[in-house]
Amino acid sequence: GLNEVSFQRECFAQAHIHDGWNHPLQPHHVQAAHPICSFLWQPHTRLVGYYHLGPTDPDVELGIEVYRRMGALPTLIPGQASDDPSLIRPDHPVARRLVELAREQSP
């Protein structure tokens with residue numbers, strides 16, 4: 001966003017999904033994703049997800065695919081503090097998939 005500040009030696013950046021706050025995500029979000037920022041800025045900067053991917057959201061797989069196509073690491077956000085803590089444990093299928101993606105993308 002235009003209200004964000006970058007600092008010298010910063011090694012991460014948020015990856016925004018164009019028109020992504022119109023929940024839920026749709027297949028056109030996946031088709032519109034491209035890795036141009038990853039291509040230009042890695043290995044200097046890692047892209048991390050900005051979209052609110054919840055482990056039980058119906059569009060979580062689309063969100064993971066958008067970020068995979070961008071070359072960004074999805075960020076899992078469980079929602080409310082009162083949500084079931086098992087949703088972000090490594091044995092949860094979505095959390096496990098994100099850990100596997102992180103391993104694949106690590107240098």
Side-chain angles (χ1 to χ4, degrees):
L2 296 177
N3 60 341
E4 296 175 15
V5 178
S6 294
F7 295 92
Q8 188 175 11
R9 296 187 224 10
E10 187 176 81
C11 63
F12 67 93
Q14 294 174 334
H16 295 262
I17 297 175
H18 177 70
D19 192 33
W21 287 102
N22 294 330
H23 199 73
L25 294 177
Q26 302 295 322
H28 76 271
H29 291 105
V30 175
Q31 296 163 359
H34 57 81
I36 188 68
C37 289
S38 292
F39 173 77
L40 291 173
W41 303 115
Q42 282 183 352
H44 308 292
T45 299
R46 288 290 313 195
L47 290 175
V48 295
Y50 182 77
Y51 185 75
H52 45 87
L53 286 178
T56 59
D57 290 347
D59 62 349
V60 69
E61 291 299 324
L62 285 172
I64 291 171
E65 183 61 16
V66 168
Y67 282 128
R68 190 195 64 74
R69 287 179 59 143
M70 286 181 171
L73 183 62
T75 303
L76 189 62
I77 300 171
Q80 303 297 321
S82 61
D83 284 352
D84 182 356
S86 68
L87 295 175
I88 57 172
R89 292 183 190 209
D91 57 342
H92 188 277
V94 173
R96 183 178 32 224
R97 180 146 183 246
L98 295 181
V99 169
E100 290 169 4
L101 284 172
R103 286 183 180 138
E104 290 172 9
Q105 292 183 18
S106 65

Item to complete: Examine distances only and state if a side-chain atom of His16 and a backbone atom of His18 form a donor-acceptor pair shorter than 3.5 Å.
Response: no
Worksheet item: Ser38 side chain to Met70 main-chain N or O, any donor-acceptor pair under 3.5 Å?
Response: yes
Fill in: Transitive ILVMFWY side-chain link Leu47 to Val30, under 4.5 Å
no
Worksheet item: How about Thr56 and Val94: do any of their side-chain heavy atoms sit closer than 4.5 Å?
Response: no
Response to the item:
Test side chain to side chain contact (heavy atoms under 4.5 Å, CB included), reference Pro24, set Leu62, Asp59, Asp57, Val60, output is Asp59
Exercise: identify the closest heavy-atom pair between [X] and [Y]:
| X | Y | answer |
| --- | --- | --- |
| Ala72 | Val48 | CB-N, 4.5 Å |
| Pro74 | Leu53 | CB-CD1, 3.8 Å |
| Val66 | Ala33 | O-CB, 3.7 Å |

Practice prompt. If a pair satisfies side-chain hydrogen bond (donor to acceptor under 3.5 Å, both in side chains) and one of its residues is in residues 61-70, list it, with sequence neighbours excluded.
Written response: Glu61-Arg97, Glu65-Arg68
Worksheet item: At what distance, to the nearest 0.5 angstrom, does NE2 of His29 lie from CD of Gln26?
Response: 7.0 Å
Worksheet item: His34: what forms a side chain to side chain contact (heavy atoms under 4.5 Å, CB included) with it, not counting sequence neighbours?
Response: Ile36
Worksheet entry | Results of side chain to side chain contact (heavy atoms under 4.5 Å, CB included) for Leu73 - residues two or more places apart only | Arg46, Ala102, Gln105
